[in-house]
Amino acid sequence: MIDTHAHLQGLEGGAEAAIAEAAAAGVERIVCVGDSPELAEEAIGLARSHPGVVATAGLHPHRAELWSDEVAARLDELLADPAVVAVGECGLDYYRERAGRAAQAEAFAGQVALAERHGKPLVIHTREAAEDTLAVLRETTAAVVLHCFSLPEHLDEAVERGWYASFAGNVTYPSATALAAAARRVPAELLLLETDCPYLSPVPFRGKPNRPHYVLETLRAVAALRAVDAAELAAVVEANAARVFALR
Ligand SMILES: [Zn+2]
């Protein structure tokens with residue numbers, strides 16, 4: 001199984017322990033998110049020393065005020081590294097709005113251009129910003145992964161455009177009926193699963209810090225929703241991840 005979105009750098013007990021613990025539980029592959037140049041360097045370091053780990057490089061919308069020509073150039077260099085499989089997470093967040101909207105738009109546009117130039121997919125963070133996010137994504141030729149999928153009302157368009165919907169632990173929450181319906185309905189070939197650890201722990205770990213191997217709980221929950229075997233669904237998710245992130 002793969003966890004397609006983990007922030008290993010901040011995990012309690014360290015990234016190394018989390019990678020080993022995940023592998024022992026059967027989660028042998030992890031996409032480690034590097035959502036600043038520094039965190040991307042750390043992610044690349046982890047990828048170099050662990051064959052099951054790959055990295056992303058980008059700038060989180062919360063950090064969009066840091067966007068500059070220098071940051072863009074640094075990300076451009078990092079994206080040339082074969083360990084880096086995607087740009088992000090990037091996008092728009094009007095919920096927390098830790099950075100101004102103009103800065104967020106500029107950082108997002110810059111990263112879309114980087115994804116297109118490197119032929120690597122975008123890992124998208126969007127919160128309370130669906131319309132503006134979709135407007136940008138409709139114009140890109142880059143592949144799109146909607147991380148921590150939160151747009152059930154836009155599922156049809158996402159599917160039509162071939163965007164991947166990556167479900168996180170919140171799909172297991174009893175109140176998440178619209179998300180659960182989307183996880184049931186999304187075509188198998190566009191379905192991804194992730195933890196977004198240390199955030200959003202799935203049931204029964206809700207409220208505790210998330211760990212990469214807890215993706216197995218989300219796998220079980222989504223397999224039940226889709227009335228398929230969990231091992232079969234794991235194979236589908238692995239194949240999808242391998243396709244979109246060009247994993248070897
Ligand atoms: Zn994340």
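This one's a predicted model, so the numbers in the text were calculated from it and none came from an experiment. Both counts, for ligands and for their atoms, begin at 1 and track the order of listing.
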Which side-chain N or O atoms in residues 127-137 pair as donor and acceptor under 3.5 Å with protein atoms at least two apart or in another chain?
residue	atom	partner	partner atom	Å
Asp132	OD2	Tyr94	OH	2.7
Thr133	OG1	Thr126	OG1	2.8
Thr133	OG1	Ala129	O	2.7

Inset, instruction - Answer yes when Arg138 and Glu157 have at least one side-chain N-carboxylate O distance shorter than 4.0 Å, and no when they do not. - result: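 A salt bridge links Arg138 with Glu157.
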Inset, instruction - State whether a side-chain donor-acceptor pair under 3.5 Å links Arg206 with Tyr214. - result: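 Their side chains do not contain a donor-acceptor pair, so the 3.5 Å distance test is not met.
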Legend entry - Flag if over 12 foreign heavy atoms under 6.0 Å of CD, Glu12: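 No, CD of Glu12 has 12 or fewer neighbouring heavy atoms, counting only those of other groups under 6.0 Å.
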Legend entry - Proximal protein heteroatoms (N, O or S) of the Zn ion (ligand 1), under 2.8 Å: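 You should have found His5 NE2, His7 NE2, Glu89 OE2, Asp196 OD1.
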Legend entry - Residues forming a side chain to side chain contact (heavy atoms under 4.5 Å, CB included) with Gln9, sequence neighbours excluded: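 Testing Gln9 for side chain to side chain contact (heavy atoms under 4.5 Å, CB included), a comparison that skips the adjacent residues, returns His7, Cys32, Leu39, Glu42, Ala43.
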Expected list for residues 220-229: side-chain donor-acceptor pairs under 3.5 angstrom, two or more places apart:
residue	atom	partner	partner atom	Å
Arg220	NH2	Glu217	OE2	3.0
Arg226	NH1	Ala183	O	2.8
Arg226	NH1	Arg184	O	3.4
Arg226	NH1	Val186	O	2.7
Arg226	NH2	Val186	O	3.0
Asp229	OD2	Ala231	N	3.3
Asp229	OD2	Glu232	N	3.3

